[in-house]
Amino acid sequence: MSAVIRVALSRRMLQIEPGQRGELSVTIQNLSEIVDQYIVQVQGLNDAWLTLVPPRISLFPQDEGQVTVKLHPPERARAGTYEFTVKVVSRENPVEFSTAQGTLDIAPIFLFDVSLTPQRKTTTGEDAPFSVQLSNPGNTDITLQLSAADPEDACRYAFDTDDVTLEAGGSTTVPLAVAPKHGAGDEGRMYRFTVRAAPIDAPEKARTATGELACEPQVVALGLSLWPPKRSAVGAGSFQVQLDNRGNTELDLTLEGTDPAEACAYRFEPPRVTLQAGGSRQVPLTVAPIGRPATDKPKLYDFMIRAVPDNAPQKAVQAAGQLECLPVVISFGLDILPQERSTQSEGHFEVQIVNRGQGKLSLELSASDTDEACDCRLGKRRVSLDAEETQTVPLSVKPRYKPTRGESRRYTFSVRAMPADAPHLAKKESGYLEVVRSKGARALIWSVIGFALGNGILLPLLWSGALPEFEGLPFALFGIMGAVGGLFLGLGNGKRVLPAAIGGALGFVPGGFLVMAGIFEEWVPQALWGGFAGVLLGLALAYRWRAIVLGAAGAVALPLRVGLGQALWETPISNLGHEPAALIIDVVIGSAVGLIFGLAVQFLGHWMEGPRTGRKRIEAEP
């Protein structure tokens with residue numbers, strides 16, 4: 001507050017209604033020693049609400065003057081108390097100013113309008129929707145309580161909300177449902193009602209709006225048709241139910257289906273329908289014979305459908321239809337995958353079923369073997385397949401008694417699939433399980449012994465003079481080694497002993513060429529020689545193309561034989577003397593060769609116990 005400017009208001013409080021005018025005077029005195037001009041400002045009020053006359057004033061020292069503040073709030077000015085400040089600022093020295101406080105009170109004006117849309121509705125007894133429109137053009141919030149009544153108290157009224165608060169200048173719409181308490185009878189009636197909106201704080205200022213409700217007699221007229229009237233299908237037949245509400249009232253309908261012999265089932269989707277007056281709707285209907293469908297000749301079913309109004313069951317309507325049930329065509333495929341399997345104990349198969357027909361197929365499955373020597377277990381005994389669907393069912397076949405070790409036994413089993421609706425169309429397929437008992441380490445042990453013996457007897461034969469010196473001696477020595485090794489390998493394998501001995505002899509004879517050519521200790525020729533010898537042994541043991549496994553074993557074993565022999569001569573074994581050391585080393589490297597060939601034979605034995613695919617056979621039972 002400046003000490004050189006004095007400001008005073010003619011009155012500190014002013015009350016004005018919206019749209020009216022008022023004014024107050026501001027007295028300003030110049031207490032300074034210079035002539036100054038003063039600018040008047042009003043803070044806290046909307047500038048559009050006031051006018052300053054004049055907006056600035058010039059005063060000599062100690063003189064005083066007046067500025068008039070004319071107030072004219074608009075008609076929509078919001079009611080309430082507004083604090084304002086009159087500020088007078090020195091033009092010569094703007095840091096010098098003085099203020100005065102005042103209050104403007106805008107008086108509240110209660111104004112609101114109520115109307116009804118539409119003013120008239122027609123009903124047959126159901127709720128008729130109206131809209132109550134409320135507006136508040138006043139300058140203060142107002143809370144209204146809604147109610148409705150008619151002179152005869154013959155209607156029910158339901159507002160979405162009974163109390164509504166309207167902001168100043170706001171509007172809203174409140175839904176209202178009006179319904180007669182009793183039906184219109186045969187002649188119809190007109191109800192006039194009044195909607196009342198009363199301010200909670202001033203109920204005497206309530207306003208009203210009127211409306212009319214025309215209640216007409218209920219006319220129940222329902223149309224029902226079925227399309228197509230006759231359907232031919234395999235199993236269930238599909239129809240469309242056409243519903244038309246030709247009356248003037250909403251209908252809740254229950255749909256039913258019947259036939260004289262009660263031989264069919266009926267499924268409406270949905271079974272209950274609500275139709276507005278003048279509305280239409282289609283409802284899908286499925287009709288299916290009860291029990292198993294025919295598989296020999298068509299069968300005709302006559303049926304009736306009904307639509308029953310809940311509030312007027314005596315006005316039910318009906319329509320007739322026919323379902324021709326065609327014979328079910330059953331066609332399916334049955335396979336066992338793989339058809340033949342070789343294993344050491346239990347065999348696992350898959351039963352593949354394909355529904356080639358156009359309808360749903362239910363099958364009962366069973367599995368057994370001819371000699372009752374196996375336990376056959378199916379993953380499931382019943383399967384259901386849609387048209388063109390394929391399913392697989394796990395099957396395990398386990399022999400009750402295993403064959404002797406080193407032997408095999410072949411079992412024949414069968415899977416039977418019987419249609420639930422046509423047992424005479426059952427199918428059966430046979431499968432085969434070969435159980436091979438592994439020989440264990442027998443082949444490995446005999447192979448080691450055979451090649452150790454075959455390689456170990458060569459020097460004693462030479463030292464004893466049993467083999468005289470001649471030009472082809474190296475060929476003979478390696479032939480003997482291969483023959484003995486092959487012989488024992490055949491014995492360990494339990495089959496083809498003589499062919500194995502011949503194959504071994506022929507396979508190892510080329511070693512003589514390596515000796516004669518002076519390349520016996522080179523690894524590449526040794527590998528080629530070993531691969532050749534291994535393949536011949538594999539073919540002799542009837543491994544066919546799998547003989548390449550023995551070929552690979554030989555390609556490793558013979559170069560290893562040379563390297564191992566050279567390494568052993570560097571060990572303390574060489575201190576035993578030439579002949580004992582040579583004999584021991586020959587036995588050891590022969591055992592190494594036998595070990596590698598034996599391991600290859602063991603591997604082939606397990607490999608050949610994998611699945612096999614044999615001839616497929618499907619038998620149709622009579």
Side-chain angles (χ1 to χ4, degrees), residues 1-113 134-144 163-172 199-202 204-205:
M1 183 73 69
S2 174
V4 297
I5 305 173
R6 185 177 71 84
V7 178
L9 301 180
S10 60
R11 48 181 172 171
R12 293 187 176 276
M13 185 172 181
L14 187 65
Q15 187 176 32
I16 305 176
E17 291 186 359
Q20 302 299 316
R21 294 178 178 270
E23 62 181 40
L24 58 85
S25 298
V26 180
T27 302
I28 305 169
Q29 184 178 11
N30 182 3
L31 300 178
S32 68
E33 297 179 356
I34 63 174
V35 176
D36 202 350
Q37 188 179 58
Y38 300 96
I39 301 170
V40 181
Q41 302 173 352
V42 178
Q43 299 174 340
L45 295 179
N46 193 321
D47 292 342
W49 292 13
L50 56 91
T51 303
L52 297 173
V53 182
R56 59 183 63 194
I57 186 172
S58 299
L59 295 175
F60 286 89
Q62 304 303 316
D63 283 356
E64 64 180 31
Q66 290 185 339
V67 174
T68 302
V69 180
K70 296 183 177 182
L71 298 169
H72 40 81
E75 292 183 355
R76 294 189 177 276
R78 191 173 180 86
T81 300
Y82 299 85
E83 303 287 342
F84 64 91
T85 300
V86 177
K87 183 177 181 181
V88 180
V89 182
S90 169
R91 175 183 171 185
E92 184 66 24
N93 186 9
V95 298
E96 296 289 344
F97 66 89
S98 292
T99 60
Q101 308 295 322
T103 303
L104 174 62
D105 188 14
I106 304 295
I109 298 178
F110 291 96
L111 294 174
F112 68 94
D113 295 319
L134 302 169
S135 62
N136 179 11
N139 66 344
T140 186
D141 295 350
I142 186 171
T143 300
L144 302 174
D163 296 331
V164 181
T165 298
L166 287 176
E167 294 183 353
S171 63
T172 189
I200 291 180
D201 298 331
E204 69 279 0
K205 295 185 178 181

> What do the steps show when you test Asp201 against Thr143 for side chain to side chain contact (heavy atoms under 4.5 Å, CB included), and what is the final call?
Replying inline: CA-CA 8 Å; Asp201 298 331; Thr143 300; over 6 Å; no
> So which heavy atom on Asn139 is nearest to which on Ala168, and how close?
Replying inline: C-CB, 3.5 Å
> Nearest 0.5 Å, what's the CD1-CG distance between Ile16 and Leu104?
Replying inline: 5.0 Å
>> The criterion is side chain to side chain contact (heavy atoms under 4.5 Å, CB included); which residues satisfy it with Ala48, sequence neighbours excluded?
In response: Asn46
>> The criterion is side chain to side chain contact (heavy atoms under 4.5 Å, CB included); which residues satisfy it with Glu64, sequence neighbours excluded?
In response: Arg6, Thr27, Gln29
> Does any pair with a residue in residues 21-46 pass ring-ring contact (aromatic ring centres under 6.0 Å, His included), and if so which ones, sequence neighbours excluded?
Replying inline: none
> Among all residues two or more places apart in sequence or in another chain, which pass the side-chain hydrogen bond (donor to acceptor under 3.5 Å, both in side chains) test with Asp141?
Replying inline: Arg78
>> I'd like to check the ring-ring contact (aromatic ring centres under 6.0 Å, His included) partners of Tyr82; sequence neighbours left out, ordered by chain and number.
In response: Trp49
> Under a 4.5 Å cut-off applied to non-hydrogen side-chain atoms, are Gln62 and Leu31 in contact?
Replying inline: yes
>> List the residues meeting side chain to side chain contact (heavy atoms under 4.5 Å, CB included) with Thr51, not counting sequence neighbours, and say none if there are none.
In response: Val53, Lys70, His72
> Which heavy atom in Gly65 sits nearest to a heavy atom in Leu59, and how many Å separate them?
Replying inline: N-CD2, 3.7 Å
> Tell me the salt bridge (charged side-chain N to carboxylate O under 4.0 Å, His left out) pairs involving residues 35-63, sequence neighbours left out?
Replying inline: none
> Which is it for Val26 and Leu9 under the side chain to side chain contact (heavy atoms under 4.5 Å, CB included) test, yes or no, and what are the steps along the way?
Replying inline: CA-CA 5 Å; Val26 180; Leu9 301 180; 3.7 Å; yes
> Between Val67 and Val88, does a side chain to side chain contact (heavy atoms under 4.5 Å, CB included) hold up when you go through it step by step?
Replying inline: CA-CA 10 Å; Val67 174; Val88 180; over 6 Å; no
> Can you name the one residue among Val42, Ile106, Leu50 that meets side-chain contact (heavy atoms from CB on, under 4.5 Å) with Leu71?
Replying inline: Leu50
>> List the residues meeting side-chain hydrogen bond (donor to acceptor under 3.5 Å, both in side chains) with Glu167, not counting sequence neighbours, and say none if there are none.
In response: none
> Which residue pairs satisfy the ring-ring contact (aromatic ring centres under 6.0 Å, His included) criterion with at least one member in residues 16-37, sequence neighbours excluded?
Replying inline: none
>> Test of understanding: with side chain to side chain contact (heavy atoms under 4.5 Å, CB included), list the residues that count as partners of Thr99, not counting sequence neighbours.
In response: Met1, Thr85, Lys87, Phe97, Gln101
> Looking at residues at least two apart in the chain, or sitting in another chain, which of them share a side-chain hydrogen bond (donor to acceptor under 3.5 Å, both in side chains) with Thr172?
Replying inline: none
> How would you list all residue pairs meeting salt bridge (charged side-chain N to carboxylate O under 4.0 Å, His left out) that involve residues 94-112, not counting sequence neighbours?
Replying inline: none
